[in-house]
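The structure appears right after this line, and notes come after that.
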Amino acid sequence: GILKFVEIMVNLLVLICVGAAQASVAGFTSLGGFGTGSFSLSSAYIPFEGTELQEVRELDMQFTQIRAPCVYGGVAFSLTAAALTLVFLVVGAKPIQQLRIGLLAGECAFSLLAGTAYVVAVGLYLHFVSRVNSTEVCKRRERLYARRGYTSMNCAVQGGDAAVGLFG
């Protein structure tokens with residue numbers, strides 16, 4: 001049971017890190033999607049004006065859209081793994097002598113499959129993040145932000161993405 005709780009918590013940490021990684025690279029003009037429309041939560045903090053502001057907005061939107069499959073895939077994978085682990089936790093909440101061998105074998109197979117799937121999923125996540133970071137959209141965006149002294153909007157693998165790999 002303790003191991004299942006730890007697995008669920010790690011899945012939730014991966015979920016949080018995927019969301020945090022997206023929020024940290026979303027940019028000033030998108031604010032994770034909250035700054036759209038006529039009202040912007042981040043309007044006081046945008047250091048750009050005029051055509052440069054429009055270009056940054058377009059690049060932020062394009063970058064967020066390019067990166068969306070990484071986010072949606074990470075969220076779906078971690079939620080699915082957490083839910084299946086929770087199912088095994090609830091079904092197996094009996095004394096060990098009362099559990100059927102088939103359930104224990106299924107739980108063992110699930111754990112092996114989930115471990116293998118996580119290694120593959122983390123590899124794919126980091127591969128796609130690296131591909132997104134090597135696009136021309138990311139490079140143009142990095143140059144625009146760097147002109148204003150903002151070096152955190154770069155095309156390197158961010159700390160949140162590294163945390164996803166670490167917890168995964």
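Computed from a predicted structure; not experimentally measured.
Cluster annotation: Val91 is not connected to Val6 through the hydrophobic network of ILVMFWY side chains, with a link wherever side-chain heavy atoms come within less than 4.5 Å. Hydrophobic clustering (side-chain heavy atoms under 4.5 Å, transitive across Ile, Leu, Val, Met, Phe, Trp, Tyr) keeps Ile16 apart from Tyr125. Cluster annotation: Val14 and Leu86 are assigned to the same hydrophobic cluster (Ile/Leu/Val/Met/Phe/Trp/Tyr, side-chain heavy-atom contacts under 4.5 Å, transitive). Under the 4.5 Å side-chain heavy-atom criterion for ILVMFWY residues, no single connected hydrophobic cluster contains both Val25 and Leu166. Hydrophobic clustering, with ILVMFWY side chains joined whenever heavy atoms are under 4.5 angstrom apart, groups Leu13 together with Leu126.
Considering all non-hydrogen atoms of both residues, Leu144 and Leu59 come closest at CD1-CD1, 3.4 Å. Between Phe88 and Gly106 the shortest heavy-atom distance is CZ-O, 3.9 Å. Closest approach of Ala21 to Gly160, counting heavy atoms only: CB-C, 3.7 Å. What you find for Asp161 and Val157 is that their closest heavy atoms are CB-CG1, 3.7 Å.
Judged as a salt bridge (Lys or Arg N to Asp or Glu O under 4.0 Å), and not counting sequence neighbours, Arg131 has no contacts. Applying the side chain to side chain contact (heavy atoms under 4.5 Å, CB included) rule to Val132 yields the partners Phe63, Ile66, Arg67; only residues at least two apart in sequence or on another chain are considered. Every residue meeting the side chain to side chain contact (heavy atoms under 4.5 Å, CB included) condition with Gln65, not counting sequence neighbours, appears here in chain and number order: Met61. Partners of Glu142 under the salt bridge (Lys or Arg N to Asp or Glu O under 4.0 Å) rule, at least two apart in sequence or in another chain, do not exist in this structure. Not a single side-chain hydrogen bond (donor to acceptor under 3.5 Å, both in side chains) links Gln97 to another residue, sequence neighbours left out.
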Can you list the steps and then say if Gln62 with Glu58 is a side-chain hydrogen bond (donor to acceptor under 3.5 Å, both in side chains)?
-> CA-CA 6 Å; Gln62 289 173 4; Glu58 289 172 13; 5.3 Å; no
After noting the C-alpha distance and the side-chain angles of Phe167 and Val18, does the key distance pass the side-chain contact (heavy atoms from CB on, under 4.5 Å) rule?
-> CA-CA 11 Å; Phe167 290 122; Val18 167; over 6 Å; no
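Every pair tested for disulfide (SG to SG under 2.5 Å) that includes a residue from residues 51-98 fails, sequence neighbours excluded, so the list is empty. Residue pairs meeting the disulfide (SG to SG under 2.5 Å) criterion with at least one member in residues 91-139, sequence neighbours excluded, are Cys138-Cys155.
Listed by chain and number, the hydrophobic cluster partners of Ile101 come to none, as no ILVMFWY side chain reaches under 4.5 Å of it. Grouped by direct or indirect side-chain proximity (heavy atoms under 4.5 Å, Ile/Leu/Val/Met/Phe/Trp/Tyr only), Tyr72 sits alone. Through chains of ILVMFWY side-chain contacts below 4.5 Å, Leu124 is grouped with Val120, Phe128.
From Arg148, atom CZ reaches atom CD of Glu52 across 4.5 Å, with rounding to the nearest 0.5 Å. Taking OG1 from Thr64 and CZ from Arg141, the interatomic distance works out to 6.5 Å, rounded to the nearest 0.5 Å. Distance CG/Leu12 to CD/Glu7: 12.0 Å, rounded to 0.5 Å.
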Below 3.5 Å, can you tabulate the donor-acceptor pairs from side chains in residues 73-80 to any protein atom, sequence neighbours excluded?
residue: Ser78; atom: OG; partner: Gly74; partner atom: O; Å: 3.0
residue: Ser78; atom: OG; partner: Val75; partner atom: O; Å: 3.3
residue: Thr80; atom: OG1; partner: Ala76; partner atom: O; Å: 2.7

Using atom types as modelled, flag every donor-acceptor pair under 3.5 Å from a side chain in residues 109-116 to any protein atom, sequence neighbours excluded.
residue: Ser111; atom: OG; partner: Glu107; partner atom: O; Å: 3.1
residue: Thr116; atom: OG1; partner: Leu112; partner atom: O; Å: 3.0

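Salt bridge status for Glu136 with Lys139: absent, with no side-chain N to carboxylate O gap under 4.0 Å.
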